[in-house]
Visitor: 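My questions all concern the structure below.
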Amino acid sequence: MKKLVLSVFVLSSLLFAESATQTCKKCHPVIVDEFENSMHRNSTIYSDAIHKAVWDKHPLKAKDEYTCAKCHTPNAKNEEDAKEGITCVSCHTIKDVEVHANVNKNVYSKDKKTFYSAEPGREGEKVVYKKESSWFGMNTSSVGSPYHDIDYTNEKYYNAQMCMGCHSHRKNSNEFMVCETSKEGAKSKEENCITCHMPKVDGTATTIRQTQKHSFHGFAGTRKNPQMLSKHVEIDFKKSSGGFEITIDNKAPHDLMLHPLRVVELRVNLLKDKKATPLKTHSFARVIGNEEGPSMPWLANKVVVDTMLKANEKKSIKYDAALLSGDKIEVQLGYFVVNPKALKKLNLEENEEAQKFTVLKQQHFTVE
């Protein structure tokens with residue numbers, strides 16, 4: 001009996017120890033490999049230079065009051081834990097989400113051995129690990145995972161409500177809404193945050209039970225795997241008298257970019273006789289600040305400028321360049337994760353990612 005108790009204790013300790021993610025890799029190698037490169041895994045000031053640059057400016061840093069911890073390092077009990085950022089345990093033990101005016105709050109399950117998950121067709125199931133034998137013990141088999149039980153009954157894992165503890169909205173101490181995601185994206189089981197940012201990809205979810213596909217755990221977003229989101233934006237070209245129009249159709253249920261540091265740019269080149277002429281670049285951003293102009297999020301009390309593409313918005317940009325048959329139009333829609341105007345203030349002038357222009361969508365059109 002003592003050996004059994006000890007075995008259970010060791011198993012539990014392994015799962016929730018410092019190397020929790022590596023423990024998960026024993027049964028979920030494909031998923032963990034994706035996760036290790038994700039922004040969830042790299043959400044801390046120790047691995048995200050841009051997040052650290054913002055935190056370095058925060059007045060609470062001097063008091064060592066890391067107020068971002070509830071979402072960026074939710075399970076950390078010390079500095080070493082914090083370096084792991086968000087873990088598998090962080091997301092798979094969210095039982096509920098409390099809705100509040102300033103910022104929502106994740107409610108975690110007290111049953112640390114049960115993980116929540118979603119699998120269509122199994123919405124009413126709870127899988128408890130057990131071994132089964134037949135023919136007087138000659139044939140043995142097992143059900144479930146030896147590391148954790150699985151609860152498929154939590155509807156928030158089907159409609160993406162479980163994401164809303166951290167990804168819904170955030171007000172600062174001025175009662176100003178720093179950022180907000182449309183709640184429409186977390187209602188339907190068919191299309192929601194998870195189906196867009198964690199699309200189904202090839203490969204088995206676990207080595208215990210082979211599957212053809214699994215939900216992508218690299219989390220498609222502006223910082224990682226943006227190409228997976230390009231299908232949610234469409235670009236069209238239309239010739240007009242004296243010029244042409246480029247239309248951007250944002251099919252996402254939220255602003256094209258949500259973080260106030262982001263800047264989207266539309267870059268267009270006109271190709272005539274193999275010579276490329278760059279036309280005017282158009283920028284789209286939601287800049288927050290106060291009476292003195294753009295500011296850090298905790299100082300903001302108003303929107304300084306907002307030209308960002310809204311949820312399900314089509315925006316047409318007119319160009320007065322004369323076109324001839326055979327001319328080509330090259331269109332690039334991309335973004336900076338940090339507004340170039342903020343690089344110096346955040347001491348990110350040498351940071352490669354902060355300076356990089358990432359192309360989200362690129363298309364070519366030929367004039368008939």
Side-chain angles (χ1 to χ4, degrees), residues 1 3-32 34-36 38 40-41 43 69-71 73-77 81 84-99 104-132 140-167 186 189 192-194 198 204-211 213-217 219:
M1 181 65 181
K3 289 184 178 180
L4 178 61
V5 173
L6 180 61
S7 297
V8 172
F9 174 77
V10 170
L11 190 61
S12 179
S13 298
L14 277 172
L15 184 56
F16 297 99
E18 182 180 345
S19 58
T21 302
Q22 291 308 308
T23 302
C24 299
K25 191 170 184 175
K26 295 175 182 179
C27 298
H28 306 279
V30 175
I31 283 177
V32 171
E34 293 170 349
F35 178 75
E36 287 288 348
S38 73
H40 277 191
R41 172 63 181 85
S43 61
K70 67 179 289 292
C71 285
T73 57
N75 300 109
K77 295 181 176 60
D81 287 348
E84 285 211 8
I86 299 165
T87 67
C88 307
V89 176
S90 306
C91 293
H92 285 279
T93 57
I94 297 173
K95 183 179 181 179
D96 201 357
V97 174
E98 289 182 1
V99 177
N104 290 349
K105 179 183 177 181
N106 288 326
V107 178
Y108 291 95
S109 170
K110 294 181 180 179
D111 179 5
K112 296 300 181 182
K113 197 178 181 299
T114 298
F115 280 10
Y116 296 105
S117 189
E119 187 173 329
R122 306 187 72 177
E123 290 89 340
E125 294 184 33
K126 292 183 180 180
V127 179
V128 178
Y129 176 71
K130 62 181 178 179
K131 287 186 175 181
E132 299 175 337
T140 61
S141 61
S142 61
V143 175
S145 167
Y147 292 96
H148 59 82
D149 297 332
I150 309 169
D151 188 340
Y152 290 109
T153 67
N154 193 329
E155 67 174 357
K156 289 178 172 57
Y157 285 74
Y158 293 89
N159 59 21
Q161 280 288 324
M162 56 84 60
C163 304
M164 292 292 104
C166 290
H167 293 283
K189 290 183 179 181
N192 53 57
C193 314
I194 294 173
M198 298 179 67
T204 185
T206 172
T207 57
I208 294 176
R209 179 173 59 88
Q210 294 294 310
T211 60
K213 293 183 178 293
H214 67 277
S215 294
F216 180 66
H217 279 63
F219 304 101

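We're numbering straight along the sequence, starting at 1. Here the structure is a predicted model, which is why all the values come from computation and not from measurement.
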Visitor: Please tell me whether His92 and Tyr116 form a close aromatic pair, meaning their ring centres lie under 6.0 Å apart.
Guide: no
Visitor: Find out whether Tyr147 and Lys26 are in side-chain contact, i.e. whether some heavy atom of one side chain is under 4.5 Å from a heavy atom of the other.
Guide: yes
Visitor: Is the backbone of Asn75 close enough, under 3.5 Å, to the side chain of Tyr108 for a donor and an acceptor to pair up by distance?
Guide: no
Visitor: Can you confirm whether Ile194 sits close enough to Tyr158 that some side-chain heavy atom of one is under 4.5 Å from a side-chain heavy atom of the other?
Guide: no
Visitor: Main chain of His217, side chain of Glu34: is a donor-acceptor contact present, judged purely on distance under 3.5 Å?
Guide: yes
Visitor: Within the side chain of Asp151, is there an N or O that forms a donor-acceptor pair under 3.5 Å with the backbone of Val127?
Guide: no
Visitor: Using a 4.5 Å cut-off on heavy atoms from C-beta on, say whether the side chain of Ser145 contacts that of Tyr129.
Guide: no
Visitor: Hydrogens and angles aside, do Ser109 and Asp111 bring a side-chain donor and acceptor to less than 3.5 Å of each other?
Guide: no
Visitor: Is a side-chain donor or acceptor of Thr206 paired with a backbone partner of Cys27 at a separation under 3.5 angstrom?
Guide: yes
Visitor: Does atom CD of Glu123 have more than 12 heavy-atom neighbours, drawn from other residues, nucleotides or ligands, at distances under 6.0 Å?
Guide: yes
Visitor: Above 12 or not: heavy atoms from other molecules or residues under 6.0 Å from NZ of Lys126?
Guide: no
Visitor: Answer yes or no: is there a donor N or O on one side and an acceptor on the other, between the side chain of Gln161 and the main chain of Ala186, under 3.5 Å?
Guide: yes
Visitor: Do Phe219 and Phe35 have side-chain heavy atoms sitting under 4.5 Å apart?
Guide: yes
Visitor: More than 12 heavy atoms of other residues, nucleotides or ligands under 6.0 Å from NZ of Lys105: yes or no?
Guide: no
Visitor: Can you tell if the side chain of Thr114 reaches within under 4.5 Å of the side chain of His148, non-hydrogen atoms only?
Guide: no
Visitor: Does any N or O in the side chain of His28 come within less than 3.5 Å of the main-chain N or O of Ala205, such that one atom is a donor and the other an acceptor?
Guide: yes
Visitor: Working to the nearest 0.5 angstrom, can you tell me the gap between His40 NE2 and Cys88 SG?
Guide: 11.5 Å
Visitor: Can you name the residues that form a disulfide (SG to SG under 2.5 Å) with Cys163, not counting sequence neighbours?
Guide: none
Visitor: Is a side-chain N or O of Asn106 found less than 3.5 angstrom from the main chain of Val97, in a donor-acceptor match?
Guide: no
Visitor: Check whether any side-chain heavy atom of Phe216 lies under 4.5 Å from a side-chain heavy atom of Ile31, and answer yes or no.
Guide: no
Visitor: Which pair of heavy atoms, one from Pro74 and one from Gly85, lies closest together, and at what distance?
Guide: CD-O, 4.2 Å
Visitor: Within the 4.5 Å heavy-atom criterion, are Tyr152 and Ser117 side-chain neighbours or not?
Guide: yes
Visitor: Examine distances only and state if a side-chain atom of Thr73 and a backbone atom of Ala76 form a donor-acceptor pair shorter than 3.5 Å.
Guide: no
Visitor: Take Val30 and His214, measure what side-chain contact (heavy atoms from CB on, under 4.5 Å) needs, and give me the verdict at the end.
Guide: CA-CA 9 Å; Val30 175; His214 67 277; 3.5 Å; yes
Visitor: If you apply the rule side-chain contact (heavy atoms from CB on, under 4.5 Å), what do you find for Thr21 with Glu36, and how did you get there?
Guide: CA-CA 9 Å; Thr21 302; Glu36 287 288 348; 3.3 Å; yes
Visitor: Do Cys193 and Met164 touch side chain to side chain, with heavy atoms closer than 4.5 Å?
Guide: yes
Visitor: Ignoring hydrogens, what is the shortest heavy-atom contact between Glu98 and Val107? Give both atom names and the distance.
Guide: CG-CG2, 3.6 Å
